[in-house]
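Remarks on the structure that follows.
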Amino acid sequence: MTQRALELGITAIQRGSLQEGARLIRIAVKSDELTPEMRAVAYLWLAETSPDPAQKRSAYNEALNANPQNGEARSRLAALLTSGLPSTVPGATQPVGPSTTGVYPAAAATGAYPAAAQSFNVADYLAQIIDGPNGAGTAVFVSLEGLLATTRRVVGGLERVTVETYAGGQFYGSVVRCYTELDLALIMVQQRPTSLLPVTPMPRVPDNAALTVVSYTGEVQRTQQRPTKRAMPQHWLPTSITQLADAGGDVIFDDKNYLVGIMTRNASLASANYLYGIHISTIRRLADSVLSEMRADRRRYCPNCGNASRATGAGFFYCEQCGAPSPEARQTRRFPAPQASMYYEPTGRGRCVNCNATVGTHNNRCLRCGAEQR
């Protein structure tokens, strides 16, 4: 009966009876009898019954939930995401649409872009973190070495996350650095982009400038740079958005389709909970710094504070930034390690009898490891 309803629904759509076709397909997908492959096909046909982009996105997402390997659903969702951007780009010879790509001109004078023109499809540069503690979130490639930027809210205290891209499917990524005060997280993956989205050469976005926010799943919001009465650090982008489609990381484009930043969950408590973005220049600067650190010496990500710890990277127990033990150290017996003292700033205080740290005590317990002092 379920298979018959699906077949009749597809036939009705092919004959132009969209409403009847949608009704029959909705009956079919309510049943548990459909295989994941057929359920994905059903949602693809259901998407054809509505011109509404939001309903199409929902149907494509349902198709991917049923069968993550369905390439047709991925390509259609990617095309829908791209078509949500503004219709023109500087130097473009045709509009950005489901079957076209935008072309950015050279900007050699600013040093911001390569000398050659660059074609792009937004979906090629985005990823989704799908198993974060606060729900799925968007990420964007910010380095050719495979570094993704998203929000700390997306990754929470995880060290390893599941990443999904339209082209590469699902794979694992390692969180290498977090900046909690910015709600920014950087994730390293093995997949390498062939190029990066062209970024704005402007260090600041002008007040009231039109902005477009795009999530991995294709939700598009139009907003603007919100003027504020107080001086803002250059890295913040005040917006008029109060809700995001996911846990953050959605990319922000200006009216010329240049990437200007990503959305965070940082909100203005004094201004109706408007959300802030982080400027791409700050993200790129921090990404370059993290890559330099990784090349220079061995570091270990601390999921407690987000620091790239030299002490735990060298095999010692505690992060020099926050004092938390590394995940491995939590499972082992910890003991004083005098040779680790070089990683911890001296304070003139006495050393802990357990971990040898000099961070001080409270109620006769070490502020680093919590051991009672004898």
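Put simply, the side chain of D254 does not reach to within 4.5 Å of the side chain of V205, judged on heavy atoms. Looking only at side-chain heavy atoms (C-beta outward), R265 and L244 come within less than 4.5 Å of each other. In this structure the side chain of V260 reaches within 4.5 angstrom of the side chain of L237, judged on heavy atoms. Looking at Q170 and I130, their side chains come closer than 4.5 Å, going by heavy atoms from C-beta outward. Counting heavy atoms from C-beta on, the side chains of L44 and Y60 come closer than 4.5 Å. The closest side-chain heavy-atom distance from V142 to I280 is below 4.5 Å. You'll find the side chain of I13 reaches within 4.5 Å of the side chain of I25, heavy atoms only. Under the 4.5 Å side-chain criterion, counting only non-hydrogen atoms from C-beta, R285 is not in contact with I283.
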Please step through side chain to side chain contact (heavy atoms under 4.5 Å, CB included) for the pair R226 and T239, ending with a clear verdict.
CA-CA 5 Å; R226 180 174 53 83; T239 75; 5.7 Å; no
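Side chains of D246 and S215: a donor-acceptor N/O pair is absent below 3.5 angstrom, by distance only. Residues T217 and N61 have side chains that never bring a donor and an acceptor to within less than 3.5 angstrom of each other. No hydrogens or angles considered: a donor-acceptor pair under 3.5 Å links the side chains of S195 and Y125. Between the side chains of R222 and T212, at least one donor-acceptor pair of N or O atoms lies under 3.5 Å. A side-chain N or O of E320 and one of S309 form a donor-acceptor pair less than 3.5 Å apart. Side-chain contact check for R152 and T180: at least one donor-acceptor pair (N or O, by modelled atom type) lies under 3.5 Å.
A cation-pi arrangement is not found for R333 relative to F335, the charged atom failing to lie both closer than 6.0 Å to the ring centre and inside a 45° cone about the ring normal.
Aromatic ring centres of Y216 and Y166: separated by under 6.0 Å.
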For residues 1-9, tabulate all N or O donor-acceptor pairs below 3.5 Å that involve a side-chain atom, not counting sequence neighbours.
from	atom 1	to	atom 2	distance (Å)
T2	OG1	S31	OG	3.0
T2	OG1	E33	OE1	3.2

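Y172 OH: 12 or fewer foreign heavy atoms inside a 6.0 Å radius. When the shell of 6.0 Å around CD of E181 is examined, it contains more than 12 heavy atoms from other residues, nucleotides or ligands. By the neighbour-count criterion of 12 heavy atoms within 6.0 Å, atom CZ of R192 is densely surrounded, having more than that number from other residues, nucleotides or ligands. Counted within 6.0 Å of CD on Q190, heavy atoms from surrounding residues, nucleotides or ligands total 12 or fewer; the atom is thus considered open.
Under the 4.0 Å criterion applied to side-chain N and carboxylate O atoms, E145 and R295 are assigned as salt-bridge partners. The pair R300-E328 meets the salt-bridge criterion, since a charged nitrogen lies less than 4.0 angstrom from a carboxylate oxygen.
A search for salt bridge (Lys or Arg N to Asp or Glu O under 4.0 Å) contacts involving D297 returns R299, R310, not counting sequence neighbours.
In this structure, CD in E164 is found 10.0 Å from CD1 in I129, a value given to the nearest 0.5 Å. For the atom pair L186 CG and T150 OG1, the distance stands at 9.5 Å (nearest 0.5 Å).
When atom types are taken as modelled, the side chain of E48 and the backbone of L18 share no donor-acceptor pair closer than 3.5 angstrom.
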